[in-house]
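Just so you know, ligand 1 is whichever comes first in the structure, and atom 1 is the first atom listed for that ligand. Residue indices begin at 1 and follow the sequence shown.
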Amino acid sequence: MLKENLESVEEKIQEACKKSGRNREDVTLIAVSKTKPVETLQEAYDLGVRVFGENKVQELTEKYDSLPKDIHWHMIGHLQRNKVKYIIDKVDLIHSVDSIRLAETIDKEAQKHDLIANILVEVNVAKEESKFGLMPEEVDGFIDEIANLKHIQVKGLMTIAPFVENPEKNRTVFADLRKLSVDIAKKNVDNVNVSILSMGMTNDYQVAVEEGATMVRVGTGIFGARNYAQV
Ligand SMILES: *Cc1c(COP(=O)(O)O)cnc(C)c1O
């Protein structure tokens with residue numbers, strides 16, 4: 001089933017690229033493997049998947065330890081400052097930076113490892129009360145403030161769109177995040193590059209790609225429904 005799911009997601013990404021005149025290479029598919037056992041990730045790996053997304057620090061580090069080292073791990077979930085140290089040298093990208101203090105902690109831990117941490121700024125585009133992320137109007141000032149941290153590099157923006165039955169409803173959310181990134185890019189802040197747009201999940205990744213997503217985070221569409229009771 002995993003193989004068919006992957007093929008189907010791949011096909012839909014290609015379709016969305018074609019429809020919007022984009023290149024398939026410009027969209028990275030992140031296989032969101034949270035709650036799934038290592039064996040399932042290994043199976044996906046054997047089918048060619050190399051980019052995995054996790055939202056819990058402990059789960060990510062356990063999987064990191066037991067799977068091949070050429071996997072690219074992405075931290076997509078809310079991150080507590082006291083846990084940054086466990087993942088700083090293991091992840092390619094942290095998608096969920098939404099406070100100065102978290103950015104400062106990531107900077108400090110990255111410095112200890114003599115590396116530069118790649119981060120995205122999480123934006124609550126739809127201004128949902130239940131969601132993490134900065135309000136769109138805060139992003140500009142936030143980026144100015146963290147741009148001088150030497151051991152982090154802002155790479156782009158991320159959003160978790162509202163849960164909707166009809167993915168078309170999220171089109172404006174994705175378009176708004178893209179507009180925001182264009183506005184920020186125009187300012188040409190040193191050490192800031194907003195070329196990555198992480199947006200779109202199982203329910204709406206095609207629309208997100210049509211609106212400019214460069215990373216889509218797909219879990220259920222690849223691995224099937226999650227059973228949180230088992231974790
Ligand atoms: C779980 C999760 C996803 C994947 O969700 P699906 O609907 O299963 O594709 C994407 N992004 C984040 C931040 C998540 O926590």
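- For the side chain to side chain contact (heavy atoms under 4.5 Å, CB included) test with Lys155, the passing option among Leu120, Val121, Thr214 is Leu120; the others fail.
- His151 NE2 to Ile106 CD1: the interatomic distance, rounded to the nearest 0.5 Å, is 13.5 Å.
- Results of the side chain to side chain contact (heavy atoms under 4.5 Å, CB included) test with Ile146 over Val192, Ile152, Leu102 single out Ile152 as the only residue that passes.
- In this structure, Phe132 places its CZ atom where only 12 or fewer heavy-atom neighbours from other residues, nucleotides or ligands lie under 6.0 Å away.
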Identify the protein atoms, limited to N or O, that lie within less than 3.5 Å of an N or O atom of ligand 1, and list each pair with its distance to 0.1 Å.
residue, atom, partner, partner atom, Å
ligand 1, 8 (O), Thr220, N, 2.8
ligand 1, 8 (O), Thr220, OG1, 2.5
ligand 1, 8 (O), Arg226, NH1, 2.8
ligand 1, 8 (O), Arg226, NH2, 3.1
ligand 1, 9 (O), Thr202, N, 3.0
ligand 1, 9 (O), Thr202, OG1, 2.4
ligand 1, 9 (O), Gly219, N, 2.8
ligand 1, 11 (N), Arg217, NE, 2.8
ligand 1, 15 (O), Lys34, NZ, 2.6

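- Listed for the Glu62 side chain is no donor-acceptor partner under 3.5 Å among the backbone atoms of Glu59.
- A cation-pi contact, defined as under 6.0 Å to the ring centre and within 45° of the axis, links Lys69 to Tyr64.
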